[in-house]
Asks: 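Encoded as structure tokens, here's the structure I'll be asking about.
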Amino acid sequence: MAQDRDWRTEFMLSHTRLFDVVPDEPERSFGYPRCEAGWRDILDRLCFRIQSALKENEKFEFVRIKEKFGVLRIDWNGELSDETATSIHEAVNLATARSACTCDLCGAEGRLYSDDGWLATSCSEHAAGEAVAVRSGFENVRVMRRRPGSPDMYQARYDRETDSLIEVSSPSPDPEQ
Ligand SMILES: [Zn+2]
């Protein structure tokens with residue numbers, strides 16, 4: 001039995017423009033977060049950004065919010081201007097990048113661990129298994145799509161302090177090159 005009103009339901013109900021919560025069976029709603037509570041703050045930030053990007057007659061819905069390979073994965077649909085779609089796309093990139101350095105259990109700063117192939121982003125206290133090695137100079141660097149559906153990719157470093165992405169030029173800052 002699902003407990004009544006877990007954090008996931010509370011979260012959806014606090015962003016009513018973005019979620020159509022199924023009465024009595026909130027876990028069947030589109031976008032019901034399939035992740036742990038440590039990422040709730042990331043999801044709240046994301047929803048505030050989406051809400052402020054949305055214009056009056058635009059439609060938006062989450063298709064899926066889940067943890068995959070230790071990182072947040074977010075799918076969405078919308079009837080939106082290009083400008084709004086780009087803003088939402090950037091907000092999703094930020095949320096994904098933040099999840100990759102945030103413990104999914106407690107929300108503290110974390111990194112990727114592999115426990116026998118099972119990937120999770122954790123702080124040192126909640127970590128299980130081995131830290132996944134990152135090439136020197138590539139800490140918190142991700143490759144992302146510049147615009148929704150566009151083949152144009154870019155590399156950016158996520159700055160947790162300011163919650164922002166800073167584009168880094170490729171080729172890589174690998175000291176061996
Ligand atoms: Zn933790």
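Ligands are counted one by one from 1 in listed order, and the atoms in each one are counted from 1 as well.
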Asks: What residues form a side chain to side chain donor-acceptor pair (under 3.5 Å) with T102, not counting sequence neighbours?
Replies: R160
Asks: Residues in side chain to side chain donor-acceptor pair (under 3.5 Å) with S150, at least two apart?
Replies: none
Asks: Under the rule for salt bridge (Lys or Arg N to Asp or Glu O under 4.0 Å), what residues qualify as partners of D20, not counting sequence neighbours?
Replies: none
Asks: Under 30°, 30 to 60°, or over 60°: which ring-plane class applies to F19 and F11, parallel, tilted or perpendicular?
Replies: perpendicular
Asks: Got a donor-acceptor contact below 3.5 angstrom from the S99 side chain to the T96 backbone?
Replies: yes
Asks: Using a cut-off of 2.8 Å, count how many protein N, O or S atoms are strictly closer to the Zn ion (ligand 1).
Replies: 4
Asks: Could you go step by step and tell me if D159 and R157 meet the salt bridge (Lys or Arg N to Asp or Glu O under 4.0 Å) rule?
Replies: CA-CA 6 Å; D159 183 69; R157 171 172 284 109; over 6 Å; no
